[in-house]
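Shown next, in structure tokens, is the structure this report addresses.
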Amino acid sequence: MLFDKKLFFLVSIYTTLTLQAKDLFDDSLEDLMNIESELQADVGSRSGAKNLSDTPFAVDVITANDIAATGLHSVTDILRYFVAGFNAPETSIADGSDHVRVFTLRGMSPDQVLVLLNGKRLHSSALLHVNGTIGRGSSNVDLDTIIPLFIERIEILRDGAAAQYGSDAIAGVINIILKNNNANNIIEIDVAKRSHKDGRLINSEIFYSKELEYDGFVNFAVQVKDQDDTNRAGPDRRVEPPRVTTRVGIPQSRNYLASLNIEVPQKNGFNIYANALFNYRDSKASAFYRPAGEDNETGYIHDGFLPIINAKIVDFSSTIGLEGGFGYGVEWDLSNTYGINYIKYYVDNSMNYSLGDDSPTSFYNGSLKFIQNTTNFDLKRCFNAWNFAAGLEYRYERYAIGAGDEVSYIDGGSEGFPGYSTMSAVDVDRSSYAVYFDTTYTIIESFLFEGALRYEHYSDFGETKNFKLASSYQVNQNFLIRFSLSTGFRAPSLAQSHYSNIATFGGVVSGTFTPDATVSKTLGAESLKAEKSQHLTLGSVYKIADSSTLMVDYFFTKAKDRIMLSNEQTLSLEDQELYGVERVSYFTNAVDTQTYGVDVKFENKFYLENSTILILNAWYNYSSNDVVDFNTDTITRENSFEQIDRMEHGQPKHNGRLLTKYKVRQFEYSVNVNAHSKYAEVINQQRYWFDWSWSTDVDVTYHLSKNSTISIGSINIFDTLPNKWDGLAYSQENPYYGYDSIKPYSRYSPFGYSGAYYYISGRYQF
Amino acid sequence: MIKRYIFILLLSVTLLSAYQSQEELRSVIVGKVAKYISWPRSQRQSFVITLLNGHNFELFKRIYKNKTIHNKSVEIHYIENIKELQATDILYIATQNSKNLLEILQQVPKKGVLTVSSIRGFAQKGGILQIYFSSQKARLKINLHVAKQEHLEIKSSLLRIADVIR
């Protein structure tokens with residue numbers, strides 16, 4: 001047996017004695033100032049930052065230094081790089097989903113992850129994923145609206161936290177902390193390419209900080225990112241001779257980002273703060289190629305055409321706040337956060353078959369808009385061992401679909417992506433208010449207790465009450481146990497309640513209708529209600545040494561009434577005649593699910609001779625999602641096999657990250673290994689499995705001087721690709737998916753299918 | 001053989017590593033900085049560190065147990081209100097006092113008290129020693145003007161490793 005009792009006993013005794021023997025007071029002041037302090041995180045409690053090894057729930061932190069050594073320039077990619085259990089596939093030919101990256105935590109839904117910016121709720125994208133991608137039927141925050149160079153750290157709370165933060169905090173909370181004072185000015189330029197010599201990326205970022213009185217600051221950053229597309233499409237066997245006709249890969253995009261973060265502390269303790277993020281994205285991806293045939297023989301492109309879907313996205317968010325004190329140690333914080341995401345769709349190189357030769361080739365297809373405004377008033381008071389916080393929140397949300405040009409939607413609409421019609425156009429809003437309490441109590445030095453309560457009322461679906469209890473107990477200097485028990489909820493999004501659209505694909509007219517639409521009700525749809533969740537986590541932290549930590553955390557989440565987009569249900573002939581569509585899908589509180597698993601994390605830092613440092617971090621995540629109950633007769637495992645299977649098997653259950661870094665003199669070497677277990681995708685009611693995948697990332701950074709570095713590296717250096725469809729080949733019934741077809745890889749692949757990414761980066765601090 | 005390697009690895013990890021909480025580092029630095037500072041002559045037999053609010057009393061007591069500063073044993077006092085302040089060499093002001101910092105500083109005796117805090121802007125607001133963290137490492141900011149008003153003499157070797165406000 002590898003770990004016998006004798007060995008474990010010896011190691012425990014030795015490390016305990018060694019740790020106890022260490023006395024910092026014997027170190028010189030200079031030595032003390034060179035010691036790296038333990039990371040802290042704010043997320044999970046309103047009572048202030050906590051050491052990661054002391055929290056009663058699992059929290060991870062990615063620092064600015066960590067981010068700098070990745071060669072990545074998208075927050076989504078950065079999280080995928082570090083966090084086992086964070087999944088962000090690179091989908092293509094999925095309309096809007098190509099342009100707004102979807103992500104999940106622990107295999108749950110994208111909208112079950114709350115994202116905060118400096119502790120304040122960040123708005124989600126207006127996009128509702130309605131194609132067959134991971135996260136179908138949900139909206140998520142667009143993480144790529146944040147400039148990586150603007151980030152001080154990213155905190156990931158791996159626990160439910162709706163009692164503290166409200167809706168969405170079911171799978172976890174991502175809190176992005178922006179750089180504040182004491183930040184270096186930086187300019188960075190990066191060039192990257194893919195192994196197939198496509199996907200060129202040119203990225204430039206500038207961060208500038210100006211210090212103000214009393215440690216205040218004005219920070220400003222801009223980023224310009226120019227990404228060429230990649231193409232891993234297989235031959236299109238609908239054309240003769242078969243050839244590559246379609247683009248399957250990363251979309252072509254131009255990104256312009258600007259960010260501002262300001263704090264102006266006053267001498268009397270009053271503090272004024274504000275931040276703003278702006279992103280304009282112009283992104284282009286293709287639909288499936290339309291070959292010459294019956295439908296387009298009269299069109300302007302007689303030998304076929306490739307529709308290009310162009311999303312122009314504007315995203316803006318801003319927080320303005322004031323902090324002060326009432327006396328008696330009571331601190332207050334009044335803030336307002338506004339966010340808007342606005343997507344306008346255009347389709348080029350396409351046609352509306354119904355218009356024949358009169359069809360335009362470029363279309364304006366309509367818009368999606370989501371606005372969220374949140375006002376918070378928080379109070380905090382510390383009484384030695386007892387911290388107490390309370391607050392009020394008022395949130396206003398608005399969702400709108402704007403109709404496209406008539407030619408983009410009439411009689412089937414523009415090929416590739418029909419526009420939103422005047423029937424789909426909607427402009428709706430709602431509001432909610434909440435009152436919440438949060439307390440931590442250090443019963444004895446080694447025993448911490450946390451509790452939270454939140455009442456919230458939504459104007460559309462009513463009220464919800466949630467609680468959280470959490471505790472940690474320091475058994476001895478090296479060993480801590482922790483647990484949390486909580487309830488949570490997720491309000492149905494306005495998009496889920498009000499999205500509708502009709503499309504024609506393969507000659508079949510199908511539509512997504514609101515749950516309250518008459519046609520949906522004929523199929524048994526009901527108004528949406530909130531998803532409810534229950535959470536349990538049990539964990540332990542074992543400090544093997546001061547900078548060597550082993551964390552093991554078990555988690556269990558039961559989610560009731562999860563909202564999903566139903567499969568397309570065929571109407572009776574009579575109803576087809578009445579409503580003008582053949583197939584209908586709608587959002588419904590369809591299923592109850594259970595998610596359980598474990599995170600095992602080992603972090604270690606070796607300080608060797610001659611200022612050499614070796615960092616060795618390993619993280620294993622197991623997440624299993626199971627549908628355990630169906631809430632409606634119209635949704636069953638059989639008739640919704642694809643949707644249910646996507647939830648249960650669409651994402652890897654086993655995820656691993658092995659991150660190593662070796663710093664010696666002017667060099668830093670990083671070698672990371674990523675592992676993803678198998679996953680499945682359903683095509684035509686048949687499940688296809690995709691194998692385990694392993695990929696390796698390498699980075700070498702050379703410090704040219706104290707202020708400048710140059711990095712060369714690769715993500716997925718061995719050019720690993722997911723395996724192609726096993727047993728699925730081209731056929732007339734299935735012309736798109738297959739190992740020998742247009743899409744040879746699954747869109748669920750957790751590391752994409754564009755292959756190795758090589759980069760060179762230069763960074764200068766001034 | 002494998003067991004032996006694991007054992008050696010864990011031992012080496014224990015010997016070579018160093019991670020400390022910010023709270024612990026701050027608490028130790030308070031006393032270490034005192035060694036670079038000369039106080040006006042005092043009749044007290046012990047060196048007194050007074051903590052204003054915060055829940056780090058037990059930590060300070062543990063760190064300074066059986067320790068000496070300027071050849072005096074160290075006493076840790078804890079007060080909840082600045083009005084309770086008695087004769088002290090160091091006044092450590094916890095961050096939760098940030099909103100009424102000016103009132104607190106006004107009530108500190110103008111002779112021989114080193115005020116220390118991690119409150120943002122502390123040194124510029126009239127405190128003497130601000131301990132803050134940047135990239136996980138402790139940094140010092142010293143208001144030399146206020147230190148002189150308090151009749152404290154600070155060694156140049158400390159000023160060299162700190163940001164100095166004059």
Side-chain angles (χ1 to χ4, degrees), chain A residues 2-4 7 10-11 14-15 18-19 22 24-25 27-30 32-40 48-49 51 53-54 63-65 181-182 213-216 265 267-271 323-327 329-331 382 384-385 442 445 544-549 604-608, chain B residues 2-3 6-7 10-25 27-29 31-33 35-36 53-55 57-59 63-64 67 80 94-103 119-126 130 132-141 157-158 161:
Chain A
L2 191 63
F3 291 101
D4 65 17
L7 174 68
L10 279 172
V11 171
Y14 187 88
T15 51
T18 311
L19 283 170
K22 187 171 171 55
L24 283 177
F25 204 78
D27 289 350
S28 70
L29 182 60
E30 288 82 355
L32 288 171
M33 291 176 67
N34 275 323
I35 292 175
E36 271 195 6
S37 64
E38 188 178 352
L39 285 166
Q40 294 191 321
N51 296 322
S53 60
D54 299 339
T63 67
N65 287 338
N181 60 330
N182 305 311
E213 207 173 12
Y214 311 124
D215 294 340
K267 192 171 184 180
N268 59 6
F270 198 65
N271 187 30
E323 290 174 321
F326 280 135
V330 179
E331 297 175 28
C382 300
N384 300 328
T442 309
E445 199 181 4
I544 300 164
D546 283 344
S547 67
S548 300
T549 310
N604 206 344
K605 198 170 210 173
F606 300 83
Y607 289 84
L608 309 173
Chain B
I2 292 171
K3 286 182 204 169
I6 292 171
F7 190 54
L10 289 175
L11 292 188
S12 61
V13 165
T14 311
L15 289 168
L16 296 168
S17 58
Y19 251 156
Q20 298 296 333
S21 74
Q22 290 190 9
E23 193 63 37
E24 193 164 2
L25 274 172
S27 305
V28 176
I29 286 170
K32 298 299 286 189
V33 165
K35 296 187 173 183
Y36 294 81
N53 274 328
H55 48 263
F57 187 40
E58 295 301 323
L59 177 64
I63 288 171
Y64 290 97
K67 298 292 189 303
E80 289 195 349
T95 50
Q96 52 258 49
N97 300 289
S98 62
K99 301 299 185 273
N100 55 341
L101 178 63
L102 293 186
E103 293 167 39
I119 292 171
R120 274 180 61 189
F122 180 71
Q124 283 187 321
K125 288 178 179 177
Q130 182 180 342
Y132 65 96
F133 281 81
S134 177
S135 299
Q136 292 175 255
K137 290 185 179 173
R139 296 286 175 264
L140 306 176
K141 199 177 272 189
S157 51
L158 176 60
I161 57 172

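By convention in this document, chain letters (A, B, ...) are assigned in the order of the sequence lines, proteins followed by strands, and residues within each chain are numbered from 1. Small disclaimer: the values here were computed from a predicted structure and weren't measured.
F270(A) pairs by the ring pair (Phe, Tyr, Trp, His ring centres under 6.0 Å) definition with W332(A), not counting sequence neighbours. Evaluation of the ring pair (Phe, Tyr, Trp, His ring centres under 6.0 Å) rule for F25(A) yields Y64(B) as partners, not counting sequence neighbours.
Put simply, the side chain of K32(B) gets close to the backbone of D27(A): a donor and an acceptor are under 3.5 Å apart. Panel note: side chain Q124(B), backbone Y214(A); a donor-acceptor pair is recorded below 3.5 Å.
Taking both residues in full, the closest heavy atoms of E331(A) and Q96(B) are given as OE2-O, 3.6 Å, listed atom of the first, atom of the second, then distance. Nearest heavy-atom pair across E36(A) and K137(B) is CG-CE, 3.9 Å. In plain terms, the two heavy atoms of L32(A) and L25(B) that are nearest each other are O-CD2, 3.9 Å. Considering all non-hydrogen atoms of both residues, E24(B) and L24(A) come closest at CG-CD1, 3.9 Å.
When heavy atoms are compared at a cutoff of 4.5 Å, E103(B) does not approach chain A at all. Proximity to chain A (any heavy atom under 4.5 Å) is restricted, for K67(B), to the side chain, taken from C-beta onward. Heavy-atom distances place both the backbone and the side chain of L140(B) under 4.5 Å from chain A. Proximity to chain A involves both the backbone and the side chain of I161(B), based on heavy atoms less than 4.5 angstrom apart. Q40(A) touches chain B through its side chain: at least one heavy atom from C-beta onward sits under 4.5 Å away, while N, CA, C and O do not. Proximity to chain B (any heavy atom under 4.5 Å) is restricted, for S28(A), to the backbone atoms N, CA, C and O.
Of the listed residues (P265(A), A49(A), G325(A)), the greatest number of heavy-atom pairs within a distance under 4.5 Å of chain B belongs to G325(A). The candidate from N181(A), T63(A), N268(A) with the greatest count of non-hydrogen atom pairs under 4.5 Å with chain B is N268(A).
Note that OG of S37(A) is 4.0 Å distant from CD of Q22(B), once rounded to the nearest 0.5 Å. Once rounded to the nearest 0.5 Å, the distance linking NZ of K99(B) with CD of E323(A) reads 5.0 Å. From S98(B), atom OG reaches atom CG of N271(A) across 9.0 Å, with rounding to the nearest 0.5 Å.
With no hydrogens or angles considered, no side-chain donor-acceptor pair links E23(B) and N51(A) at under 3.5 Å.
Look at K141(B) and D215(A) and you find a salt bridge, because one of the NZ, NE, NH1 or NH2 atoms lies within 4.0 Å of a carboxylate O, short of that distance.
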